2 protein chains.
Amino acid sequence: MPVRSADQIIHKAAWLYYTHGLRQDEVAKHLDISRASVAMYLRRAREIGIVTISTSTELFSDDVLARETEDALGLETVWIIPEDRQAFNPSVEMPVVAAAAFIELINKGDRVGVAWGRTVYHIADVMPYADLQGVAVVQLCGNLGAPYSYRPDQCTTEIARRLNAEGINLYAPLVLSSERLAEELRREPVIREQLLAITDCQLALYSVGGIEDDSHLVKCGAITAAEMHALGQAGAAGVIAGQLIDVDGQWLDCAHNRRCISADLDSIRKIPKRMLVVQEDSKYEPLVAAIKGGFASHLMVTASMAKRLLKRAKGAGLKQA
Amino acid sequence: MPVRSADQIIHKAAWLYYTHGLRQDEVAKHLDISRASVAMYLRRAREIGIVTISTSTELFSDDVLARETEDALGLETVWIIPEDRQAFNPSVEMPVVAAAAFIELINKGDRVGVAWGRTVYHIADVMPYADLQGVAVVQLCGNLGAPYSYRPDQCTTEIARRLNAEGINLYAPLVLSSERLAEELRREPVIREQLLAITDCQLALYSVGGIEDDSHLVKCGAITAAEMHALGQAGAAGVIAGQLIDVDGQWLDCAHNRRCISADLDSIRKIPKRMLVVQEDSKYEPLVAAIKGGFASHLMVTASMAKRLLKRAKGAGLKQA
DNA sequence: CACGTGATCTGACAAAAGTCAAATAGCGGA
DNA sequence: TCCGCTATTTGACTTTTGTCAGATCACGTG
């Protein structure tokens, strides 16, 4: 066997086939071997990794990153928001792209759940108008007076309005002053039904909250900064639909969560398409927790965030359970 | 049509198909579209150029260069000798690789022509031993006493010996003192037959000579340095099988050529596989002439030479006629 | 609101690619 | 030099893919 002749012929066959677009029998004729051999060489070429989806051109680098992140994290779809590009601000563009992607995920007759947060509201704010009759937009978490102009029910209502869909609000506060009251309210038929109906959603849209002092729950007055600190000590890692989750994405057994009226985390996990949109790169830890907890099947993040996730996944093996 | 969703689905389909190796119907199921659409997206992906032969990994960069050079110059096979790699000296390695590649080109019962020169001798010197009975190694050009230890007949003989093949020497001088004598000798039946038989060769091996003062013809005393200078002025660009060619690779009408006993250039051009091996990067112009003249179907050069050829071909369009 | 436009789906057929058992060739060791 | 081993190659067969015409659908327009 002469020097590299084995690789040589494999590479040449792959070149003629993939770059020149010849048929296998043409390649065979060209190299004076049988077509079956060409098929074999091509299989090897693929195994070796000679043939790849274009990564060389800058054009597709984000797409490749998206695909790799999907594979590494076991997600169905990942959207990457480029950031290096000048005049391209994730905090402005991401909601627009997210809204478009979100609409794409909706099928006729679907029931879609919408949680709450700055990100979700921003998405609602740029949601294109569409005619999705027969679609129902349901509120995933209880209400809460907000220091800014977006309350959970407003998100739901606004999205439903824009999509010309039915809006189904949850007529309950997000947090109650006592566990007992929360428990009782949850048992109320109206509320109970609505919470149960969440399992029927085909699609959910939410972000994940942080547990810093400037977190949404703190700003809205649902939790004091001091309490949040304590919760962080107790293992809280992020917020999903108003509820705290630990580093593994599991429901955190704490006073706040017990006093919460919101979608049961397991109900959310059962929703087939769970679209998680994260704008801020600072939400890395909450995001990791959310992914671990299985709260994302569809994820939209910045390129740098995706790279961090990918790096971590490759190193340790962060897969959703 | 949402932001980039068109490209998005094309890229994803290509990813699942090419990287994950899913079948088209599996991809279709995954993306919830018809198989026909998958086929369409994949076609577009190929058209756009999403699928490529790996160029990212250093591993194959030389192979890619080889394929590109083949394409640009219309050659059948190009071998690249890497040079950047440390402890890899083209002048040492190339003959070894050339010898191996040369043997690969020989088929049972073939008649192979061998010309003469430092390069060819070096190849002969490292030619592996093989048992190629039924193969004939024929000498392409007349003999010439050499200042070093390699004469044309020695090249032929040595290669034939190593390959255990039949050696057919050309019993004539390369250059005669008069055109008349050369003409008469060419008409001699023995010589004539042998020269005609060159057309029957399936394979030829040679290098291309330069026209500098240190060129082989000058060193061997066939041409004086002064004559060579004049020939250069007259349009000589290189030497093939002892004969001068112009910049277009055409036979140069000059005294030397007319006094030469060697393979007719057209006979050489008719040989299906013409393996041209060039070690020195300084032979760029002669090489270009040789390629233009159609003297190469198989070419072995250094990476830097290939790059120069490629650059030129891309710019101007240097294709063999 | 009918219309045209462009994209996608369906189903079916032809073409190409994948696969496998058996034949063959190359290669090292006895 | 012969033998047996392994890896490659072949030819025949099955599966997958490419492609087409017509139907359908979404969407923007006059």
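Each chain gets a letter, A, B and so on, in the order the sequences are listed, and its residues count up from 1. Because the structure is predicted, anything quoted here is derived from the model rather than measured.
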Tell me which nucleotide among [options] gets nearest to the side chain of [X].
X	options	answer
Ser37(A)	dG11(C), dT17(D), dT10(D)	dT10(D)
Ala36(B)	dG18(C), dC20(D), dG11(D)	dC20(D)
Arg44(A)	dT19(C), dC20(D), dT8(D)	dT8(D)
Arg23(A)	dG18(C), dT10(C), dA16(C)	dA16(C)
Ser34(A)	dT10(C), dT9(D), dA26(D)	dT9(D)
Tyr41(B)	dT10(D), dT8(C), dG18(C)	dT8(C)
Asp25(B)	dG18(C), dT10(C), dT17(D)	dT17(D)

Expressed as a whole number of angstroms, how long is the span from [X]:[atom1] to [N]:[atom2]?
X	N	atom1	atom2	result
Ile9(B)	dA7(C)	CD1	C1'	12 Å
Ile106(B)	dG26(C)	CD1	P	13 Å
Glu104(B)	dT8(D)	CD	P	13 Å
Leu22(B)	dG18(C)	CG	P	15 Å
Leu16(B)	dT17(D)	CG	C1'	17 Å
Ile33(A)	dT10(D)	CD1	P	7 Å
Ile103(B)	dG26(C)	CD1	P	12 Å
Leu31(A)	dT9(D)	CG	P	11 Å

ask   = Do the side-chain N and O atoms of Tyr41(A) and Arg46(A) include a donor-acceptor pair separated by under 3.5 angstrom?
value =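 Short answer, no.
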key: hbond_proxy Arg35(A) side chain to dG11(D) base (donor-acceptor, 3.5 Å cutoff)   =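 Such a pair does not exist between side chain and base.
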request  = Would you classify Met40(A) as touching base, sugar-phosphate or nothing, given that sugar-phosphate means primed atoms plus P, OP1 and OP2, and contacts are heavy atoms under 4.0 Å?
outcome  =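 Touches a base.
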inquiry  = Once you apply a heavy-atom cut-off of 4.0 Å, does Leu42(A) come out as touching a base, just sugar-phosphate, or nothing?
reply    =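 The answer is nothing, as Leu42(A) stays clear of every strand by at least 4.0 Å.
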ask   = Which atoms form the tightest heavy-atom contact between Val78(B) and Arg67(B), and what is the distance?
value =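 Taking Val78(B) first and Arg67(B) second, the nearest heavy atoms are O-NH2, 3.8 Å.
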task = Taking all non-hydrogen atoms of both residues into account, name the closest pair between Gly294(A) and Arg269(A) and its distance.
result =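 Nearest heavy atoms, Gly294(A) then Arg269(A): O-CG, 3.9 Å.
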message = For Glu76(B), is there any backbone N or O sitting under 3.5 Å from a side-chain donor or acceptor partner on Ser297(B)?
response =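 Not a single qualifying donor-acceptor pair exists.
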Arg162(A) side-chain N/O to Tyr129(A) backbone N/O, donor-acceptor pair under 3.5 Å =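 Between the backbone of Tyr129(A) and the side chain of Arg162(A) there is no qualifying donor-acceptor contact (under 3.5 Å).
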task = Indicate whether OP1 or OP2 belonging to dC20(C) is found under 4.0 Å from a side-chain N or O atom of Arg43(A).
result =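 So the side chain of Arg43(A) is outside the cut-off, no N or O lying under 4.0 Å from OP1 or OP2 of dC20(C).
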